[in-house]
Amino acid sequence: MSNANDKRQAKRRTLGYLSAAAVGALSIGLPNFVGAQNKTVLRIGYQKYGTLVILKGRGSLEKRLAAENIEVKWTEFPAGPVLLEGLNVGSIDFGTVGEAPPIFAQAAGADLVYVGNEPPSPTSEAIIVPKGSTLKTVADLKGKKVALNKGSNVHYLLVKALEKAGLDYKDIETIFLAPADARAAFERGSVDAWAIWDPFLAAAEKQIGARVLADGTGIVANHQFFLASRTYAEKNPKIISILLDELDQVDQWSSKNLKEVTNILAAQTGLDQPSVELAAKRYSYGVKPVTAEVIAEQQKIADVFSNLKLIPKKITVKDALVSAKR
């Protein structure tokens, strides 16, 4: 009996040695094994547009954050509202959207914060009609079907453009579609007009000859905003600072290197060069801290949406600042 026990104990010791050896071999074969276990991930949401796409293409953020043992994970979204849904449910930490999405998200209870914005870019969004359309002005949209992504930056453009033309929001039929579906409906004639932003706007102009009824000039500012989840921003102020600094450097470089920017955007988005170049020319580069004036502009937009019952309740936009008391 003792011989049998001795054999079993010897076998267990042998298996233990083999396990230890295997772990040791893995550790030798993977020198970054321990570091990889401790590495944190910054999850960024982006769209087919803007400085974040250029930052992704250049790869400078990854290099800088490597020193902080942080890995960057990029996720593309088709539009701002769904990007902020991702931010709200915790699938991303940081992202960029236009003016309206943060307002819809805040009204729905999302705990997000504004951390930066780009200068106004009113020509980067527009209401367009097909090349052969008989519609000539925004006033001609009365009774017509207009496609748009609900809660996106062009939602406010449409409201204000109609107001300027003497029409009410209810004077048109809104068809809520994501950009890809809206483009298909626009091309087959299922809608009369389309409110859309770059680079989808530029692609429609260059590829199918879409005609602009009105862009944001003299109607809306069209800021691009950078937002983070409140939890991430409050716990990681250094990372947010690095992100904004990298965006600032990319903005400065981009404003002077349109050809290179076009090449990066074309590679990252899969769009043709002429469309991307047109969009890049219209973009306003230069990330800035969010000011009281910009938040006041956002409040005006929020009040308009509240009055139209497009959001479920009135909101105070400044509550979505890192410094706001909770």
Side-chain angles (χ1 to χ4, degrees), residues 23 26-98 101-102 105 110-118 224-255 257 260-261 263-265 267-269 283 285-290 320-324 326:
V23 171
L26 280 170
S27 298
I28 293 169
L30 299 171
N32 294 324
F33 180 74
V34 176
Q37 300 305 301
N38 297 327
K39 184 173 287 187
T40 57
V41 179
L42 166 63
R43 303 163 303 168
I44 300 178
Y46 70 100
Q47 302 177 58
K48 286 185 183 292
Y49 184 63
T51 311
L52 275 182
V53 181
I54 305 168
L55 183 63
K56 177 177 181 288
R58 297 195 78 197
S60 60
L61 181 64
E62 285 83 349
K63 293 175 184 175
R64 185 161 174 187
L65 289 180
E68 307 290 333
N69 204 29
I70 295 173
E71 178 185 348
V72 182
K73 179 183 177 183
W74 299 87
T75 302
E76 183 180 329
F77 291 85
V82 286
L83 187 153
L84 291 186
E85 285 178 22
L87 193 72
N88 188 39
V89 301
S91 62
I92 58 171
D93 307 303
F94 181 91
T96 183
V97 298
D111 199 12
L112 50 79
V113 289
Y114 294 82
V115 296
N117 64 265
E118 302 279 10
Q224 193 77 3
F225 287 100
F226 298 103
L227 298 106
S229 71
R230 181 178 294 277
T231 300
Y232 189 88
E234 290 180 346
K235 289 183 177 179
N236 300 277
K238 182 179 179 181
I239 305 307
I240 294 296
S241 179
I242 289 173
L243 260 168
L244 294 176
D245 184 56
E246 286 295 317
L247 285 165
D248 181 52
Q249 291 185 45
V250 165
D251 268 335
Q252 291 183 43
W253 176 83
S254 299
S255 64
N257 295 277
E260 290 86 347
V261 166
N263 291 336
I264 290 173
L265 288 173
Q268 290 291 317
T269 64
Y283 193 76
Y285 302 97
V287 66
K288 301 176 182 296
V290 180
L321 295 173
V322 178
S323 59
R326 303 298 294 168

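We number each residue from 1, following the sequence as shown. What you are looking at is a predicted structure, and each value in this text was computed from that prediction instead of being measured.
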Engineer: Measuring from atom CG of N236 to atom CG of D93, what distance do you get when rounded to the nearest 0.5 angstrom?
Structural biologist: 8.0 Å
Engineer: About how many Å separate CD of Q268 and CZ of R58, when rounded to the nearest 0.5 Å?
Structural biologist: 12.5 Å
Engineer: Which pair of heavy atoms, one from Q252 and one from S255, lies closest together, and at what distance?
Structural biologist: O-OG, 2.9 Å
Engineer: Are side-chain heavy atoms of P102 and L227 found at a separation under 4.5 Å?
Structural biologist: yes
Engineer: Checking the side chain of R230 only, and the main-chain atoms of L321 only, is there a donor and an acceptor separated by less than 3.5 Å?
Structural biologist: yes
Engineer: For the backbone of G90 and the side chain of R43, can you confirm whether one donor and one acceptor N or O come within less than 3.5 Å of each other?
Structural biologist: yes
Engineer: Which heavy atom in L112 sits nearest to a heavy atom in L87, and how many Å separate them?
Structural biologist: CB-CD2, 3.9 Å
Engineer: Which pair of non-hydrogen atoms, one from F77 and one from G45, has the smallest distance, and what is that distance?
Structural biologist: CE1-CA, 3.8 Å
Engineer: With side chains defined as the heavy atoms from C-beta onward, is the minimum distance between W74 and L55 less than 4.5 Å?
Structural biologist: yes
Engineer: Is any side-chain heavy atom of T51 closer than 4.5 Å to a side-chain heavy atom of Q224?
Structural biologist: no
Engineer: Look at the side chain of T96 and the backbone N and O of F225, then say whether any donor-acceptor pair between them is shorter than 3.5 Å.
Structural biologist: yes
Engineer: Given T269 and Y49, is the side-chain contact (heavy atoms from CB on, under 4.5 Å) satisfied, shown in steps?
Structural biologist: CA-CA 8 Å; T269 64; Y49 184 63; over 6 Å; no
Engineer: Classify the ring geometry of F94 against F226: parallel below 30°, tilted from 30° to 60°, perpendicular beyond 60°.
Structural biologist: parallel
Engineer: Quick one, V113 and Y232 - any side-chain contact, counting heavy atoms below 4.5 Å?
Structural biologist: no
Engineer: Report yes if the side chains of I239 and I70 come closer than 4.5 Å at any heavy-atom pair, otherwise no.
Structural biologist: yes
Engineer: At what distance, to the nearest 0.5 angstrom, does CG of L243 lie from CG of L42?
Structural biologist: 5.5 Å
Engineer: If you round to the nearest 0.5 Å, how far is CD1 of I44 from NZ of K56?
Structural biologist: 10.5 Å
Engineer: Which residues satisfy the side chain to side chain contact (heavy atoms under 4.5 Å, CB included) test with E85, sequence neighbours excluded?
Structural biologist: V82
Engineer: Side chains of Q249 and S60: any donor to acceptor distance under 3.5 Å?
Structural biologist: no
Engineer: Looking at side-chain heavy atoms only, is the closest gap between Y285 and V261 below 4.5 Å?
Structural biologist: yes
Engineer: In the structure I gave you, are the side-chain heavy atoms of I242 and L61 within less than 4.5 Å of one another anywhere?
Structural biologist: yes
Engineer: The test is side-chain contact (heavy atoms from CB on, under 4.5 Å); show your working for D251 and E118 and say whether it passes.
Structural biologist: CA-CA 9 Å; D251 268 335; E118 302 279 10; 3.0 Å; yes
Engineer: L83 and G95: which non-hydrogen atoms are nearest, and at how many Å?
Structural biologist: CD2-CA, 3.9 Å
Engineer: Evaluate the criterion side-chain contact (heavy atoms from CB on, under 4.5 Å) for residue pair L52 and Q47; output intermediate values, then yes/no.
Structural biologist: CA-CA 8 Å; L52 275 182; Q47 302 177 58; over 6 Å; no
Engineer: Report the C-alpha distance between L265 and I54 in whole Å, list the side-chain angles of each, state the deciding distance to 0.1 Å, and finish with yes or no for side-chain contact (heavy atoms from CB on, under 4.5 Å).
Structural biologist: CA-CA 6 Å; L265 288 173; I54 305 168; 3.9 Å; yes
Engineer: Mind listing the closest non-hydrogen atom pair of V290 and G116 along with its distance?
Structural biologist: CG2-N, 3.4 Å
